[in-house]
Amino acid sequence: MLDRDDSAVQAQWARIRGRLREEFGEAAFRTWLKPVTLKDVRGGVVRLAVPTKFMREWVETNYLDRLRVLWTGENGNVRTIDIAIESALARAGAAEPGPEATAAPVEPAETGDEMVVDRGDFAGRLDPRFTFENFVVGKPNELAHAAARRVAEATTVPFNPLFLYGGVGLGKTHLMHAIAWHVRRREPSKRVIYLSAEKFMFQFVKAVRFKDTMAFKEQFRSVDLLMIDDVQFLCGKDSTQEEFFYTFNALVDQNRQIVISADKSPSDLEGLEERMRSRLGWGLVADIHPTTYELRLGILQTKAEQLGVAVPGKVVEFLAHKITSNVRELEGALNRISAHASLVGRPITIETAQEVLHDLLRANDRRITIEEIQKRVAEHFSIRMADMHSARRARAVARPRQVAMYLCKQLTPRSLPEIGRKFGGRDHTTVMHAVRKIEELRASDPNLSEDIELLRRMLET
Ligand code: ADP
Ligand code: MG
């Protein structure tokens, strides 16, 4: 406790806090310094308290020197700063100056739309279709699936955090909901929160605006499993990142499970603070690869069965072959053709599928890359891939290189300068020259013309 007569000490602490806020900025102050409370000053020792072990380490590493200097400036007798860990609850009862001292609500704050807390409102917010039973496992997602199952079934935290990443529509959200469903069924007393990073930020900003960050923190305090979806959204949003980092560390400290998803790996997420990036990679990082033909086939068969529509094998194969972007589009295609079939009352055929899905099919037209073209052409003419980039001008390599440039122009939407760059940083006029040259030669050289046709067919299938 502070000595009763020590209102001078309280005034000193208030001034020091003011200085810290000025020096380190609002965000850092709010996250790291505001939660620091003053216990007492006695015999040259300033005793401070923070709510978690992690915070103590953080404050000691980053702010202790400054705290010491500021305290000595206020009070020449101060020799040592001592930081203890004291939970927010204990603090709420302690006599402490400042309005925030008593503001430690134990009740979780109101939850947002997408937030799922394991109480009465839990079920409504999770998609009932996103369960492990409905998840089709294949090579591209087997690691992510196994890791998610592990987290859902574990009695002790197996790895922290579980970081799932992959492109859109590949099943990240599905797996997170599946974990939540599983835990809920098996251990209904566990508290689970699932929310998007966007929602997290929205709630945080709202809490700051209404000066209610304590309540914001409190709602995560007693969570057993926290899942935050699409954290790439936090990139570049510094103060939200700080808050997330704080929550994250507090939970890891208490050995609570965290599951994160993003569209890229921690090391590829730009606009993320370094400490955050490295922290995210500490547990298990599992990526979901783009779908394979086999997985698409499996997903289509499973979903057709669930929909109760008979889709001929040929049509399933056609779709699996043509719709390669992601699972969401694959599902969309199936829904559309089955809706169409039931409306017009005609059986599903490849022709009707083509008709009904013409826009989707066009968008999914296979995109050929420059690298693929270079590789194929190099193989075809038995030259090294490196010669696509090299400066060698011998005709044996120069001609195939020109063919590759020509095919890049024909088969990809890339511009001449872009193509030039991928061929060892050549100028766009070089590419233009190559395209003209090959067009000319094709007209007079049937062998070359045949080679090019063959290559084109190989690349396009
Ligand atoms: P992401 O969050 O990665 O963008 P979602 O989890 O929202 O993707 O998945 C998009 C859609 O595809 C959802 O309807 C989901 O149920 C479905 N889906 C994705 N992967 C699979 C899978 N392996 N098996 C079954 N359905 C899947
Ligand atoms: Mg998602």
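Side chains included, hydrogens not; waters and symmetry mates left out as well; all remaining heavy atoms used. Both ligands and their constituent atoms are indexed starting at 1 by order of listing.
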Handout entry: Glu331, portion touching ligand 1 at heavy-atom distance under 4.0 Å
Key =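 The side chain, only.
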
Practice task
With heavy atoms only and a cut-off of under 4.0 Å, state how Asn134 meets ligand 1: side chain, backbone, both or neither.
Solution key: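 The backbone, only.
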
With heavy atoms of [X] as the reference, note each atom of ligand 1 found under 4.0 Å away.
X	value
Val136	22 (C), 23 (N), 24 (N), 25 (C)
Gly171	1 (P), 3 (O), 5 (P), 6 (O), 8 (O), 9 (O), 19 (C), 20 (N)
Val168	4 (O)
Asn141	23 (N)
Phe130	13 (C), 14 (O), 15 (C), 16 (O)

Practice task
Check the side chains of Asp229 and Thr173 for a donor-acceptor pair under 3.5 angstrom, ignoring hydrogens and angles.
Solution key: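 Result is yes, a qualifying pair exists.
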
Problem - Protein N/O/S atoms closer than 2.8 Å to the Mg ion (ligand 2) - result: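 For the Mg ion (ligand 2), the protein N, O and S atoms that sit under 2.8 Å away are Thr173 OG1.
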
Handout entry: NZ (Lys375) with more than 12 external heavy atoms under 6.0 Å
Key =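 Count not over threshold, so no.
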
If the threshold is 4.0 Å, N to carboxylate O, is there a salt bridge linking [X] and [Y]?
X	Y	answer
Arg277	Glu274	yes
Glu23	Arg19	yes
Glu331	Lys303	yes
Glu418	Lys422	no
Glu242	Arg275	yes

Problem - Gln257 side chain to Val157 backbone, donor-acceptor under 3.5 Å - result: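 Here the side-chain-to-backbone pair does not exist.
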
Handout entry: Close N or O approach (Lys172, ligand 1; < 3.5 Å)
Key =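 By distance alone, the answer is yes.
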
Handout entry: Val137 N/O to ligand 1 N/O under 3.5 Å
Key =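 No, Val137 has no N/O under 3.5 Å of an N/O on ligand 1.
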
Handout entry: Lys303 touching ligand 1 at heavy-atom level, < 4.0 angstrom
Key =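 Judged by the 4.0 Å heavy-atom criterion, Lys303 does count as contacting ligand 1.
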
Practice task
Taking the six-membered ring of Phe233 (Phe, Tyr or Trp), confirm whether the NZ or CZ of Lys237 is under 6.0 Å from its centre and within 45° of its axis.
Solution key: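 The answer is yes, since Lys237 meets both limits relative to Phe233.
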
Please report which non-hydrogen protein atom sits nearest to [atom], along with the residue it belongs to and the distance in Å to one decimal place.
atom	answer
atom 2 (O) of ligand 1	Thr173 OG1, 2.8 Å
atom 27 (C) of ligand 1	Val327 CG1, 3.5 Å
atom 4 (O) of ligand 1	Gly169 N, 2.7 Å
atom 7 (O) of ligand 1	Arg328 NH2, 2.9 Å
atom 6 (O) of ligand 1	His174 N, 2.8 Å

Handout entry: Pairs satisfying side-chain hydrogen bond (donor to acceptor under 3.5 Å, both in side chains), at least one member in residues 343-353, at least two apart
Key =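 Checked against side-chain hydrogen bond (donor to acceptor under 3.5 Å, both in side chains) - neighbours excluded - the pairs reaching residues 343-353 are Thr349-Thr352.
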
Handout entry: Residue pair Phe200, Phe216: steps toward the ring-ring contact (aromatic ring centres under 6.0 Å, His included) verdict
Key = CA-CA 10 Å; Phe200 181 88; Phe216 176 80; 5.4 Å; yes

Handout entry: Thr291 vs Leu330 side-chain heavy atoms within contact, under 4.5 Å
Key =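 Side-chain contact under 4.5 Å: no.
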
Handout entry: Parallel, tilted or perpendicular: ring planes of His177 versus Phe130, cut at 30 and 60 degrees
Key =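 His177 and Phe130: tilted rings.
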
